[in-house]
Visitor: 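Input: one structure, supplied below.
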Protein chains: 2
Amino acid sequence: MKPKIQDVAKVAGVSPTTVSRVLNDRGYISSKTKEKVFAAMKEINYIPNDLARSLYNKRTYLIGVIVPSTNHPFFGELVDNIERICNDKGYKVLLCNSLQEAEKEKKYWDMLQRNQVDGVIVVTYNRGLVDKEQQFPAVVIDHYLSENIHVVSSDNFQGGEMATKELIEAGCENIIHINGDVNLETPANERQYAYEKVMHDAGRIPLTYHVPNVAYLESNIDIIKQLFKENPDVDGIFASDDLLAIRTLQYAESLGYKIPEDLKIIGYDGTGLIRSIYPDLSTIIQPTYQIAENAVETLIQEIDGKPHDLKEKTFPVSLWKGKTTGHVT
Amino acid sequence: MKPKIQDVAKVAGVSPTTVSRVLNDRGYISSKTKEKVFAAMKEINYIPNDLARSLYNKRTYLIGVIVPSTNHPFFGELVDNIERICNDKGYKVLLCNSLQEAEKEKKYWDMLQRNQVDGVIVVTYNRGLVDKEQQFPAVVIDHYLSENIHVVSSDNFQGGEMATKELIEAGCENIIHINGDVNLETPANERQYAYEKVMHDAGRIPLTYHVPNVAYLESNIDIIKQLFKENPDVDGIFASDDLLAIRTLQYAESLGYKIPEDLKIIGYDGTGLIRSIYPDLSTIIQPTYQIAENAVETLIQEIDGKPHDLKEKTFPVSLWKGKTTGHVT
DNA sequence: CTGAAAGCGCTTACAG
DNA sequence: CTGAAAGCGCTTACAG
């Protein structure tokens, strides 16, 4: 059996109350007693049971993180940052890969409630997850979920503008946008609106192709093929995800397009991973660290019952100028 | 206040015991009672507290996963698989990104113990993590930790052999190996041994360069530069990580080497992500799904106290033939 | 088929 | 400065 606080008490010759006090550094305890208790804990190799603590304190220091998948550069980087920041602040992360499936998300949500997590960070684009009565502190990244929930994101409209302008300035005449599933309320929709606005302002006609699932590249290749078939004269593409941009670039090259001479391409996300292995790809960089930091900090404030004025926080994005839009690196 | 089992009992007009029985589907209960209880649970929106349950049952269905970082294609893919498989089997994942720091790993290990996780899956290359007396079920991926701990990995020796032979068969004369930190006991060491054996068998002299940290590309560029400076006639490189391979390839190209004409390169890991955005890169594919599956299943067997004969499980790797070793795709 | 009681391991008023 | 008692929310023998 694992030793418990009673065992420590017995060995140290004090009461469980005292051991608990030493453990929590609470109230006045003579230094001799403290030493005795510490010695006893060491002797029998005592490890506190956080389950019992949490049950009493109604506080688990557990944060649920729901993301589509860690196996994607953007979410991988985001989760990495979230976990690191949580850990620094004494919180633990319960990881939930929802695969973008609404049903799975609901199951995870229930599970997190049963496990008494202190709060949840959600990165998902399905509707109707958080409309339940029984609620707890939650923060959402990149997506408006419900009135009472703080949402943090980077400036997707600004990103869409930047990307489109970058292509225009690079001299592109026929700029096409590739976006994800139009039915999901992803932040990429904002990027599309920005693209359309910039195009209109420049007196051009916007054209967007939608791929079924940004994350699963294989299912997208058909749309990419269709795009080139229907628009052989395309000379600028703004893809709302770096992986999609890379896939498009490769297909274009296989058709004989020279990048950036015949066709310029810009992606989105600009994770450290992609920038380091694909430095040539122009892209819009999302500040994942800042997003993660704000999400965690706001959530903790909410957990602590501290008021945080902001219901929404948006961070600026930045442009990574690569060869694929004609820059020399 | 959140409703508890007592509240349900009151509303349903039964005892807490009965509610608990209904909840756990245990013992005989009349169907009318069941219905009353379910109705009451729904009415007051009851959600069971798994903390209390776990405290009593001494079983949390929580699995700790310690990895260097989710922000790396190989670990990202691995964690993704582990989480998915755990979830399918009713387990939850407590994520720990250790950043390869021994001290952080120890802290995480303690935290996991305090949180009463049922078991741990460790992917780390530091020594001396699990020598503590107070132990619980654990499985290690890719690294021998201690006598009693099951280790699952893919065949790193086979991978090293395959990679080296691939370069030899492609006609390379001067084959150099790039590996990670020689002080960490990573599985990559096996790959190096295999490389050395194949080289010796072919009557050649092996030469290995070590980069400080495979995961952080920036810190590696100096070593790569040195390699090319000291061996301008290199015509084959086996890098023990795809990111490293890609970085090396890019640097070589910047020096004017044509790939694969002047220089052939093969990487390692072969994650779905890298294969889809860098299909040209020859690499050794590790079966991350199988590794994850075996790790989770073995761990659960251990948790359940079922005997599992194997102390070690090794899965075969496979070769991805890309343009960087001269294949036409 | 159902309930009262004790206990999982910890903590915190309340006394002293 | 220290201890006995009650309670966090649940479950399981033990009776009936």
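Per chain, numbering begins at 1; letters A, B, ... match sequence-line order. Everything numeric here is computed off the predicted structure, so don't read it as measured data.
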Visitor: Are any non-hydrogen side-chain atoms of B:I47 and A:D110 less than 4.5 angstrom apart?
Guide: no

Visitor: Once you apply a heavy-atom cut-off of 4.0 Å, does A:N24 come out as touching a base, just sugar-phosphate, or nothing?
Guide: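 Contact class for A:N24: sugar-phosphate only.
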
Visitor: Sort out for me which residue in B:N294, B:L299, B:V140 forms a side chain to side chain contact (heavy atoms under 4.5 Å, CB included) with B:H150.
Guide: B:N294

Visitor: Just checking A:T33: base, sugar-phosphate only, or nothing, at a heavy-atom cut-off of under 4.0 Å?
Guide: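 The answer is sugar-phosphate, as A:T33 gets under 4.0 Å only of primed atoms, P, OP1 or OP2.
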
Visitor: Measure from the side-chain N and O atoms of B:K92 to the backbone N and O of A:C96, and report whether any donor-acceptor pair falls under 3.5 Å.
Guide: no

Visitor: If the condition is side chain to side chain contact (heavy atoms under 4.5 Å, CB included), which residues does B:K42 pass it with, not counting sequence neighbours?
Guide: none

Visitor: Using the side chain to side chain contact (heavy atoms under 4.5 Å, CB included) criterion, which residues pair with A:E297? Sequence neighbours excluded.
Guide: A:K89, A:E293

Visitor: Give the stems involving DNA chain D, where a stem is 3 or more consecutive Watson-Crick or G-U wobble pairs (i with j, i+1 with j-1, and so on) under 3.5 Å.
Guide: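 Stems (3+ consecutive pairs) listed as C:1-3 with D:14-16, C:5-12 with D:5-12, C:14-16 with D:1-3.
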
Visitor: For B:T288, what residues pass the side chain to side chain contact (heavy atoms under 4.5 Å, CB included) criterion, not counting sequence neighbours?
Guide: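 B:T288 satisfies side chain to side chain contact (heavy atoms under 4.5 Å, CB included) with B:F74, B:E77, B:L78, B:N81 only.
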
Visitor: Could you tell me whether A:R84 and A:D88 make a salt bridge, using a distance below 4.0 angstrom between a side-chain N and a carboxylate O?
Guide: no

Visitor: Write out all pairs satisfying salt bridge (charged side-chain N to carboxylate O under 4.0 Å, His left out) with one or both partners inside residues 26-41 of chain A, taking only residues at least two apart or from two chains.
Guide: A:D25-A:K34

Visitor: Near DNA chain C, which residues from residues 56-64 of chain B have a heavy atom under 4.0 Å away?
Guide: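 Within this stretch, B:Y56, B:K58 sit under 4.0 Å of the strand.
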
Visitor: Can you confirm whether A:I82 sits close enough to A:I63 that some side-chain heavy atom of one is under 4.5 Å from a side-chain heavy atom of the other?
Guide: no

Visitor: Sorted by first residue and then second, give each salt bridge (charged side-chain N to carboxylate O under 4.0 Å, His left out) pair with at least one member in residues 47-57 of chain A; sequence neighbours left out.
Guide: A:D50-A:R53, A:D50-B:R114

Visitor: When all nucleic acid strands are considered with a 4.0 Å heavy-atom cut-off, which category describes A:R21: base, sugar-phosphate, or nothing?
Guide: base

Visitor: Return the residues of residues 9-19 of chain B meeting this criterion: a heavy atom under 4.0 Å from some atom of DNA chain C. Order them by number, or give none.
Guide: B:V14, B:S15, B:T17, B:T18

Visitor: Provide the full list of salt bridge (charged side-chain N to carboxylate O under 4.0 Å, His left out) pairs with a residue in residues 61-73 of chain B, sequence neighbours left out, each pair given once.
Guide: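 Output for this query is empty, none listed.
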
Visitor: So where does chain A start and stop touching DNA chain D, 5' to 3', when the test is distance under 4.0 Å to a non-hydrogen atom?
Guide: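 First and last nucleotides in contact are D:dC1 to D:dG9.
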
Visitor: Quick one: side-chain hydrogen bond (donor to acceptor under 3.5 Å, both in side chains) partners of A:T33, sequence neighbours excluded?
Guide: A:S30

Visitor: Residues two or more places apart in sequence or in another chain: which of them pass salt bridge (charged side-chain N to carboxylate O under 4.0 Å, His left out) with A:D118?
Guide: A:R59

